[in-house]
Amino acid sequence: MTVTSVLSHCNRNLKKQAQFSCPSFSCTYRSWDFIRFYAAPATSSKAAKKEKEKEQSKSKLMTKDELEEKRKDTSRPKPYGLTAWKPTDDVYVACYYPKPLLEVETAIDMLKTFQKLDFTYEKQPVYVELQLDMKLEKKKKVDPFVGYLKYPYPFSTVENKVLVFTENPDDAQIARDNGAAFVGGSEFIQQILDDEIQADFYIATPEIVPKLIQLKNKLRKKFPKSKRGSVGRDIPKMLQLFKTGHEYLVEKECLVQTKIATLDMPQEHIVANLDALIKDICTYRPLSYGPFVERVILTSATSEALFIRFQQFLPQETEKAASETSVNSETSTTI
């Protein structure tokens, strides 16, 4: 048995184990092709490494609420991620320092000063933005709501057009005497759908509400509802509210952005309107859950946003109400 026959026999066995055949493959004493029978170790690609780095960087990023909580820590020598607690110069980059909290009177004076320096319109509207804490017990939250408020110092000179739905002749006459723009029953449905009649607010008596279902998609948030105070039997009271009242609503789950005054109004009138708005909003959540308003920003149509102190406007829970809530909680736990 020669060496060439031994090598050819080995070559034949190697081909069978590798499960492939190549006609050009030859194994002689001059050449030998090495074959690997195991898989190469998998190498991580650059794309996979970049994805991992992105995921790690995302996990390290903080939310706005977490960042604000860290910046509230006054024991630190400087606020988290900022330069210092207060600027030392009159001119500074605002994003490097925490936004100052101003008294309401100071903020209103600053808005009036901005208007004079910029030569803008004197009667421009004054806006307020309120951030609300919508949390309740456990995982429950306050549903977004629409509120109606009569300011102690109204700034609008034009009364709202109010349509009254009723089929009672006596109620219809009362509505006309109290200044309703339109008074009628189900005959208004088609006219409203065809945009022949338009009003700012729609109120109704309880008996006619089931006949107005066709208008739900058309009126949407203006559709009469008892929760919004637009369905009832006291027509003069409802007309008084909606004719001179102001509407506000919760947007983006926790924000209320609305107009409270005009810049030419006295400072006391603007403060009184802001106080009435905050107290009216706080009625939509029990006081036992803590302060409903978390942040208040005051601004005008052409000025920057000013953060103000608002704690003095929050309604305080009386001792009787607190004792009642504690008793109720004890009884509920015992039951």
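In what follows, residues are counted from 1 in the order of the sequence shown. Computed from a predicted structure; not experimentally measured.
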> Do Y202 and F242 have ring centres separated by under 6.0 Å?
Replying inline: no
>> Counting only heavy atoms from other residues, nucleotides and ligands, does the tally under 6.0 Å from CD of E122 exceed 12?
In response: no
>> Within this structure, what is the CD-OH distance for the pair Q257 and Y127, rounded to the nearest 0.5 Å?
In response: 10.5 Å
> Relative to the ring of Y248, is the ring of Y284 parallel (under 30°), tilted (30 to 60°) or perpendicular (over 60°)?
Replying inline: perpendicular
> Just wondering, more than 12 heavy atoms not from K279 lying within 6.0 Å of its NZ?
Replying inline: yes
Using residues 163-171 as the side-chain source, report each donor-acceptor pair under 3.5 Å to any protein atom, sequence neighbours left out, with the distance given to one decimal.
unit_1	atom_1	unit_2	atom_2	d
T166	OG1	N168	N	3.3
E167	OE1	K211	NZ	3.0
E167	OE2	K211	NZ	3.1
N168	OD1	D170	N	3.1

>> Using only atom types and a distance under 3.5 Å, with no angle test, would you say the side chain of R285 pairs donor to acceptor with the backbone of D133?
In response: yes
> Pick from T262, L298, T299: which one makes a side chain to side chain contact (heavy atoms under 4.5 Å, CB included) with V126?
Replying inline: L298
> Is a donor on one side and an acceptor on the other found under 3.5 Å between the side chain of K112 and the backbone of L263?
Replying inline: yes
> When the ring planes of Y153 and H269 are compared, do they come out parallel, tilted or perpendicular, using 30° and 60° as the limits?
Replying inline: parallel
>> For K161, give me all partners under salt bridge (Lys or Arg N to Asp or Glu O under 4.0 Å), at least two apart in sequence or on another chain.
In response: none
> Between the side chain of K135 and the main-chain N/O of K140, is any donor-acceptor distance below 3.5 Å?
Replying inline: no
>> I'd like to know if the side chain of T244 and the backbone of Q240 have a donor-acceptor N/O pair within less than 3.5 Å.
In response: yes
